[in-house]
Amino acid sequence: MIWQKIICIVVGYVFGLFQTGFIIGKMHNIDIREHGSGNSGTTNAMRTLGKKYGFLTYFGDALKAVFAVLLMCFVFRDTAAGDMMVIALYTGLGAILGHNFPFYMNFKGGKGIAASSGVIFSLVFFDWKFLVLGLVTFFVALAITKYVSFSSLCLMTGFFVEMVVWGQLNMVHHLNADEKIEAYVLVGIMTVLSYIRHKDNIKRLANGTERKIGEKKEA
């Protein structure tokens with residue numbers, strides 16, 4: 001039902017408003033958006049506040065998407081029993097939107113990869129393939145290139161391709177024929193958002209100035 005999907009997006013957005021990096025930065029008397037790359041996500045938190053707080057930022061931003069999905073699946077477990085994966089994707093999209101565009105931060109949040117990975121993780125309750133191949137895709141790309149941004153885009157591109165290919169091959173559990181196009185569109189929007197939020201990284205990758213993981217910023 002359309003009202004259920006609207007509720008999922010709204011609730012996901014509210015969960016997404018929990019900006020882990022921004023909150024940790026405020027605890028250290030800084031606005032993380034005024035440092036490094038200027039966003040409140042994991043990579044900037046790691047470079048600005050250190051590895052420990054970078055990891056805390058990642059897990060906080062990923063888990064908020066997981067918790068949002070679990071909550072909505074619990075709420076609609078009876079009325080939308082056959083649409084649980086779509087419910088999860090609508091909620092996940094809301095969490096990504098809340099993370100990327102928090103209204104109380106003038107819509108200037110993170111880039112959405114940690115929240116997106118939380119969405120992918122939450123799908124393990126429906127189909128484990130997305131999580132396993134997502135992990136492989138990200139870490140293989142990172143091991144080869146050392147670029148977090150490129151690896152993140154590989155993760156999201158792979159997520160979209162997997163959803164479409166496996167969906168067309170009827171290999172996605174809990175996704176019936178009527179829901180396939182809807183699922184493709186939702187994951188497609190998530191993927192497009194990741195590219196939009198990484199537009200500056202893409203430019204730096206193209207001209208060879210993107211920083212690799214562990215690389216120090218030049219003075």
Side-chain angles (χ1 to χ4, degrees), residues 1-19 39-42 61-73 76 80 83-103 105 107-127 129-131 133-134 137-138 141 149-168 171-172 174-202:
M1 295 182 183
I2 186 65
W3 64 269
Q4 292 176 325
K5 297 168 184 177
I6 293 173
I7 290 174
C8 287
I9 291 178
V10 172
V11 171
Y13 183 87
V14 172
F15 270 79
L17 294 176
F18 184 84
Q19 297 285 320
N39 73 79
S40 61
T42 299
D61 289 342
L63 287 174
K64 66 188 179 187
V66 176
F67 291 150
V69 169
L70 290 177
L71 175 62
M72 288 297 92
C73 286
F76 294 126
D83 303 318
M84 282 293 99
M85 179 169 280
V86 172
I87 289 294
L89 291 175
Y90 271 102
T91 308
L93 176 59
I96 294 168
L97 291 172
H99 177 78
N100 289 2
F101 311 108
F103 71 90
M105 294 168 62
F107 302 98
K108 185 181 179 183
K111 296 182 179 179
I113 297 302
S116 297
S117 71
V119 176
I120 295 172
F121 178 84
S122 70
L123 295 185
V124 75
F125 300 107
F126 307 100
D127 198 318
K129 297 192 295 294
F130 292 105
L131 176 61
L133 195 55
T137 300
F138 179 84
S149 57
F150 177 78
S151 303
S152 299
L153 293 174
C154 286
L155 169 69
M156 296 308 298
T157 303
F159 183 31
F160 176 68
V161 172
E162 292 154 21
M163 182 62 74
V164 173
V165 172
W166 289 339
Q168 291 302 105
M171 293 174 60
V172 180
H174 302 281
L175 188 65
N176 62 48
D178 295 333
E179 300 169 336
K180 286 182 181 179
I181 299 301
E182 201 167 4
Y184 302 163
V185 170
L186 290 168
V187 176
I189 293 172
M190 295 178 196
T191 304
V192 170
L193 283 172
S194 71
Y195 275 82
I196 291 173
R197 297 296 286 168
H198 282 80
K199 61 182 185 300
D200 292 333
N201 302 85
I202 294 171

Given side chains that start at C-beta, do those of Leu155 and Ile120 come closer than 4.5 Å, heavy atoms only? yes
Applying side-chain contact (heavy atoms from CB on, under 4.5 Å) to Leu89 and Phe126, what does each step give before you reach the verdict? CA-CA 11 Å; Leu89 291 175; Phe126 307 100; over 6 Å; no
Determine yes or no for a side-chain-to-main-chain donor-acceptor pair under 3.5 angstrom, with Thr157 supplying the side chain and Cys154 the backbone. no
For a 4.5 angstrom cut-off between non-hydrogen side-chain atoms, does Met72 reach Gln4? no
Take His99 and Phe15 through the test side-chain contact (heavy atoms from CB on, under 4.5 Å) and record every step on the way to the result. CA-CA 8 Å; His99 177 78; Phe15 270 79; over 6 Å; no
Test item: Lys180 side-chain N/O and Gly167 main-chain N/O as donor-acceptor pair under 3.5 Å: yes
Hey, which of Leu193, Val187, Thr191 is the one that makes side-chain contact (heavy atoms from CB on, under 4.5 Å) with Met156? Thr191
Reported OG-to-CZ distance for the pair Ser194 and Phe160, which is rounded to 0.5 angstrom: 11.5 Å
Any residue meeting side chain to side chain contact (heavy atoms under 4.5 Å, CB included) with Tyr13, in chain and number order, not counting sequence neighbours: Leu17, Leu97, Phe103, Phe107
Between CG on residue Asn100 and CD on residue Gln19, distance to nearest 0.5 Å: 8.5 Å
Looking only at heavy atoms, what is the nearest atom pair of Ser40 and Asp61, with distance? O-OD2, 4.4 Å
Compare every heavy atom of Leu123 with every heavy atom of Ala88, then report the nearest pair and how far apart it is. CB-CD2, 4.2 Å
Closest approach of Asn39 to Gly110 (non-hydrogen atoms, all atoms of both residues): OD1-CA, 4.1 Å
Within the distance-only criterion (no hydrogens, no angle test), does the side chain of Arg197 pair as donor or acceptor with the backbone N or O of Ile113 below 3.5 angstrom? no
Step through the shown structure and confirm whether more than 12 heavy atoms of other residues, nucleotides or ligands are within 6.0 Å of CZ on Phe101. yes
With a sphere of 6.0 Å drawn around OH of Tyr184, does it hold more than 12 non-hydrogen atoms of other residues, nucleotides or ligands? yes
Check the pair Phe125, Leu70 against side-chain contact (heavy atoms from CB on, under 4.5 Å), reporting the backbone distance first and the verdict last. CA-CA 9 Å; Phe125 300 107; Leu70 290 177; 3.6 Å; yes
What one should report as the nearest heavy-atom pair of Ala62 and Ser117 is CB-OG, 4.0 Å
Contact between Glu179 and Met84 at the side-chain level, heavy atoms closer than 4.5 Å - yes or no? no
To the nearest 0.5 Å, tell me how far Leu133 CG sits from Trp166 CH2. 4.5 Å
Minimal non-hydrogen separation, Cys8 against Ile87, with atom names: SG-CG2, 3.6 Å
How long is the span from the CD1 atom in Ile196 to the CD1 atom in Ile202, to the nearest 0.5 Å? 9.5 Å
side-chain contact (heavy atoms from CB on, under 4.5 Å) between Val172 and Phe130: does it pass, once the steps are laid out? CA-CA 9 Å; Val172 180; Phe130 292 105; 4.0 Å; yes
When you compare the side chains of Glu182 and Tyr90, does any donor N or O come within less than 3.5 Å of an acceptor on the partner? yes
Please indicate whether Phe138 has more than 12 foreign heavy atoms, meaning atoms of other residues, nucleotides or ligands, lying under 6.0 Å from its CZ. yes
Nearest heavy-atom contact between Met190 and Gly92 is CE-C, 4.3 Å
Distance col, row Met163:CE vs Leu175:CG, nearest 0.5 angstrom, shows 6.5 Å
Could you tell me the separation between the CE atom of Met171 and the CD atom of Glu162, rounded to the nearest 0.5 Å? 10.5 Å
